[in-house]
Amino acid sequence: NFTVTETNPNTFIVNWNGTNVTVWDDSLVLHMHFNNDSSLGENNSLLADVSKYNNSGICRLDLGRCPAINNTNYKFGGAAMTFNSTQFINISASAGASSSLRMNGSLTVEAWINTLDGGSREPYIMDKAGPTGDLVNFRLTLGSTNNKVNFQVFDGTRGPTSSSTTNINDGRGHHVVGVRDTAADVIRVYVNGVVEGENTDNTITGIVDTNSVIIGDRADSLSLPSQG
């Protein structure tokens, strides 16, 4: 066990069995613990970003749109926050907000999730899209027919998707990751540290990058929430 006491770290490197592993550096633009930590300014409707960019998220507590804090079994086996069908978190990337979330190149999106959701819907883990659904930066979702992880990017015409092979709709904790690698022109999906899907990134124009990031639902309609 170790403790980081620096409140605004620039780089975090761990020596793991003789190998230096970068946990984060300047390229990290959003990192949320969902622990309702008052020392970070968090409360029931404000979720702190511990990256240097302070891209904090908000939810509408007055409308019952804030996920519940889970302080019992949240470490790996559970979830730090529990979402139901009406709850989501909004992180602004529009004009006046931090430009760090206006990602138009290579990017990595990841989350720890624990869910029994799925079935006929396509629950959204994280979405960055416009109000009409056609201006998508990226989407990380749970498949509606196969309960697999899907990662998509979209340039207004082309929307390549990569999917996992593991069924994660099992009530267990999973680390899920979507990667866009513009140098290799591929998108990938990882589950629990293993590459399970790869597809060609055939986007040819810049992807829209000023949309808000929504955690727990679909940005354009707020009609496909995650539950778990």
Side-chain angles (χ1 to χ4, degrees), residues 8-13 20-33 47-57 88-113 122 124-142 148-164 175-220:
N8 293 292
N10 179 65
T11 303
F12 181 17
I13 299 175
N20 285 336
V21 178
T22 300
V23 179
W24 75 63
D25 57 22
D26 270 355
S27 66
L28 181 70
V29 298
L30 182 66
H31 185 181
M32 290 182 156
H33 292 156
L47 299 307
D49 167 30
V50 298
S51 81
K52 75 171 192 175
Y53 297 100
N54 194 29
N55 291 309
S56 296
F88 63 92
I89 298 166
N90 185 312
I91 307 161
S92 178
S94 61
S98 172
S99 61
S100 59
L101 288 178
R102 299 170 199 168
M103 300 169 286
N104 200 12
S106 294
L107 58 90
T108 300
V109 182
E110 58 186 291
W112 277 100
I113 66 171
E122 185 180 12
Y124 277 54
I125 302 166
M126 190 178 300
D127 191 21
K128 194 169 189 292
T132 59
D134 57 347
L135 302 175
V136 178
N137 191 175
F138 63 76
R139 279 176 169 164
L140 188 65
T141 66
L142 180 62
K148 308 296 192 294
V149 180
N150 299 318
F151 178 64
Q152 180 188 37
V153 296
F154 188 56
D155 67 359
T157 302
R158 296 169 176 81
T161 300
S162 182
S163 301
S164 72
H175 184 231
V176 298
V177 182
V179 173
R180 184 193 193 207
D181 184 343
T182 57
D185 278 335
V186 297
I187 56 174
R188 302 184 184 95
V189 165
Y190 294 72
V191 176
N192 301 329
V194 178
V195 179
E196 292 202 352
E198 181 173 299
N199 195 9
T200 300
D201 180 3
N202 63 353
T203 56
I204 59 175
T205 61
I207 54 179
V208 175
D209 59 2
T210 57
N211 301 312
S212 292
V213 176
I214 302 295
I215 297 176
D217 209 337
R218 178 169 173 162
D220 59 316

Item checked: Which atom of Ile215 lies closest to which atom of Met126, heavy atoms considered ->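 Shortest heavy-atom contact: CG1-CE, 4.2 Å.
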
Rounded to the nearest 0.5 Å, what's the gap from [atom1] on [X] to [atom2] on [Y]? Could you check?
X	Y	atom1	atom2	answer
Asp201	Asp181	CG	CG	9.0 Å
Ile125	Phe151	CD1	CZ	11.0 Å
Gln152	Asn150	CD	CG	8.5 Å
Asp127	Ser212	CG	OG	10.5 Å
Ile91	Leu47	CD1	CG	7.5 Å

Checklist line | Pair Ser56-Asn54, side-chain donor/acceptor within less than 3.5 Å | finding: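 Side chains of Ser56 and Asn54: pair found under 3.5 Å.
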
Report yes if the side chains of [X] and [Y] come closer than 4.5 Å at any heavy-atom pair, otherwise no.
X	Y	answer
Pro160	Thr203	yes
Val109	Lys128	no
Tyr124	Ile214	no

Please report, to 0.1 Å, the donor-acceptor pairs under 3.5 Å made by any side chain of residues 184-193, with sequence neighbours excluded.
| unit_1 | atom_1 | unit_2 | atom_2 | d |
| --- | --- | --- | --- | --- |
| Arg188 | NE | Glu198 | OE1 | 2.9 |
| Asn192 | OD1 | His175 | N | 2.9 |
| Asn192 | ND2 | His174 | ND1 | 3.1 |

Note to self: Can you list everything that forms a side-chain hydrogen bond (donor to acceptor under 3.5 Å, both in side chains) with Ser27? Sequence neighbours excluded, please.
What the structure shows: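 Once residues adjacent in sequence are excluded, the partners of Ser27 under the side-chain hydrogen bond (donor to acceptor under 3.5 Å, both in side chains) criterion are Asp25.
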
Notebook entry, point to check: Can you name the salt bridge (charged side-chain N to carboxylate O under 4.0 Å, His left out) partners of Asp49, sequence neighbours left out?
Noted result: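 By the salt bridge (charged side-chain N to carboxylate O under 4.0 Å, His left out) rule, Asp49 matches no residue at all.
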
Output yes when a side-chain donor or acceptor of [X] lies under 3.5 Å from a complementary backbone atom of [Y], and no otherwise.
X	Y	value
Asn199	Thr161	yes
Ser162	Gly197	yes
Ser51	Tyr53	yes
Asn55	Val29	yes

